[in-house]
Amino acid sequence: MNFKNITVAGSGVLGSQIAYQIAFKGFHVFVYDINDEALASAKERIMKLKQNYQEDLGATKEDVDTAYNRISFNSNLSKAVQDADLVIEAIPEVVQIKTDFYKELGKVSPEKTIFASNSSTLLPSQFAEATGRPKKFLALHFANEIWKNNTAEIMKHPGTDMNVFDEVIEFAKAIGMVALPLYKEQPGYILNSLLVPLLDAAQMLLLKEVSDVETIDKTWMVATGAPQGPFAILDVVGITTAYNITLAKAEATGDQDYKKLAELLKTEYIDKGKLGRATGEGFYTYPNPTFMKSDFLEG
Ligand code: NAD
C-alpha cells in the first residue's frame with residue numbers, strides 16, 4: 001500500500017471523524033468541503049474529537065495536537081486533490097449530489113487517484129460511470145464514532161480492480177480499522193444485513209405481544225452469548241432512527257405491521273421522551289439497565 005496523501009471530501013459528522021482518524025494514524029489529510037463556512041464547522045468538530053481520543057484511547061495532548069496539525073482544509077476541489085492517492089467521499093446521502101460530485105472529481109483528480117465512497121445505503125455501481133474511472137472506485141464504509149467502532153467495510157462493485165480493492169483493505173488496516181472485505185455489492189453491507197433483520201424480528205415479537213423486551217433480549221443473550229440483546233442495541237441506535245426506518249418501510253411496502261410498529265414507537269417511546277440511551281431512557285432505563293444486572297441471565 002503506497003498511499004501517502006489522503007483527501008476526505010465532505011466534513012460533516014462522518015467526514016470529520018474519518019479525517020481525524022487518518023491523521024491520528026500518521027497520514028497527511030486534506031479536508032474538502034463546499035465553502036469556508038462548512039470548513040469552519042469541520043475545524044470545530046475535529047477539535048472536539050481530540051477530547052474523545054484522550055478520554056477513550058488514552059492519547060496524550062501531544063498526540064492529538066500533532067494529529068490535528070496533519071490536516072489541511074481547502075474549499076477548492078482541484079487543490080484539495082492535487083496529489084491525492086485516495087479520496088474518501090463522505091458528502092450527503094443524495095444520489096444527485098454524489099453523481100455531480102463524482103463527475104467533477106473525476107475531471108480534476110490525478111490519474112493515480114482512487115475514489116472510495118462512505119455511503120451507507122447507496123451502492124458504488126450507481127456512481128461508477130460518473131467517476132470516469134470505475135476500476136479505481138469502490139465503497140469504504142466506516143461506523144459513527146470511528147475511533148471506538150473501528151469497522152471498515154470495503155465493498156467492490158463488479159468493475160473494481162482487484163489490486164485497488166486489496167490496496168484499500170491494507171489502507172484500512174493501516175489506519176487502525178478492522179478491515180471487512182465484501183466481494184460483491186450488498187445493500188447494508190455485512191453489518192446491517194445481519195443487524196436490521198434481527199432488530200426487525202425483535203420489534204415484531206414485541207408488537208405482536210409474543211413476549212416482552214427483557215425476555216426477548218435475555219433469549220438472545222443466553223442462547224448466543226451476546227453481551228446485549230436487540231432492544232439494548234436499539235437503545236444505542238436511538239428510537240427516533242428506529243422509528244424513521246420503520247416508517248419508511250411502512251410507506252414503501254404498505255405493510256400494516258410496520259405501520260403499527262411505527263405507531264407503537266411513536267406513542268410509547270418518542271412522545272414520552274424515551275429516545276434511547278442518549279436521553280437516559282428507551283426500552284431500558286440508564287445508567288443501570290436491568291440487562292446489565294448480575295442476575296439478569298439467571299432463572
Ligand atoms: P453530514 O450531513 O453530517 O455531512 C455532509 C457534509 O458534506 C457537510 O459538511 C456538507 O457541507 C458537505 N457537502 C454537501 N455537499 C457537498 C458537495 N457537493 N461536495 C462536498 N461536500 C459537500 O453527513 P454524514 O452523516 O457525515 O454522512 C456523510 C456520508 O457518510 C453519507 O453518505 C452517509 O451515508 C455516510 N455515513 C454516515 C454515518 C453516520 O452515522 N452519520 C455512518 C456511516 C456512513
Side-chain angles (χ1 to χ4, degrees), residues 6-22 29-49 52 71-81 84 87-109 115-127 130-131 137-155 157 172 175 177-178 180 182 185-193 195-196 233-234 236-238 240-242 244-245 248 276-278:
I6 315 298
T7 300
V8 177
S11 55
V13 176
L14 252 283
S16 300
Q17 294 182 19
I18 296 166
Y20 192 65
Q21 176 68 25
I22 296 172
V29 183
F30 288 84
V31 169
Y32 164 75
D33 210 306
I34 39 174
N35 53 37
D36 290 341
E37 207 183 327
L39 289 175
S41 313
K43 285 177 193 166
E44 258 176 56
R45 220 173 280 118
I46 296 175
M47 285 300 252
K48 283 195 193 134
L49 289 173
N52 297 102
I71 306 175
S72 313
F73 298 84
N74 210 315
S75 58
N76 178 315
L77 186 60
S78 308
K79 287 191 181 142
V81 301
V87 175
I88 300 172
E89 170 271 307
I91 73 173
E93 195 72 344
V94 177
V95 174
Q96 197 57 53
I97 294 179
K98 288 200 198 279
T99 306
D100 292 346
F101 172 76
Y102 280 118
K103 279 186 185 157
E104 185 60 24
L105 183 68
K107 281 187 208 144
V108 299
S109 299
F115 302 161
S117 174
N118 182 50
S119 172
S120 295
T121 60
L122 304 168
L123 295 173
S125 56
Q126 282 177 264
F127 307 105
T131 66
F137 177 57
L138 75 180
L140 171 58
H141 182 241
F142 298 100
N144 197 10
E145 306 205 332
I146 185 173
W147 65 95
K148 290 191 292 190
N149 304 329
N150 60 333
T151 54
E153 294 183 279
I154 300 119
M155 184 165 79
H157 70 86
I175 58 163
M177 298 293 114
V178 176
L180 307 163
L182 282 82
E185 283 195 321
Q186 169 67 27
Y189 299 85
I190 297 172
L191 178 59
N192 282 335
S193 298
L195 190 57
V196 172
I233 296 172
L234 279 163
V236 175
V237 171
T240 309
T241 301
N244 288 335
I245 293 171
R277 207 162 184 147

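Just so it is clear, the values below take in all heavy atoms, side chains as well, and ignore hydrogens, waters and symmetry mates. First listed ligand is number 1; within each ligand, the first listed atom is number 1.
- By the salt bridge (Lys or Arg N to Asp or Glu O under 4.0 Å) test, Lys107 is found to be paired with no residue, residues two or more places apart in sequence or in another chain being considered.
- Every residue two or more places apart in sequence or in another chain was checked for a side chain to side chain donor-acceptor pair (under 3.5 Å) with Gln126, and none qualifies.
- Asp33 places no side-chain N or O within donor-acceptor distance of the main-chain N or O of Leu39, the cut-off being under 3.5 Å.
- Proximity of Leu123 to His157: side-chain heavy atoms (C-beta onward) are nowhere separated by under 4.5 Å.
- Partners of Glu89 under the salt bridge (Lys or Arg N to Asp or Glu O under 4.0 Å) rule, at least two apart in sequence or in another chain, are Lys98.
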- Query: Stepwise, does the ring pair (Phe, Tyr, Trp, His ring centres under 6.0 Å) test hold for Tyr102 with Phe137?
  - Reply: CA-CA 10 Å; Tyr102 280 118; Phe137 177 57; 5.0 Å; yes

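- In this structure, ligand 1 sits under 4.0 Å from heavy atoms belonging to Gly10, Ser11, Gly12, Val13, Leu14, Tyr32, Asp33, Ile34, Ala38, Ala90, Ile91, Pro92, Glu93, Ile97, Lys98, Phe101, Asn118, Ser119, Ser120, His141, Phe142, Asn144.
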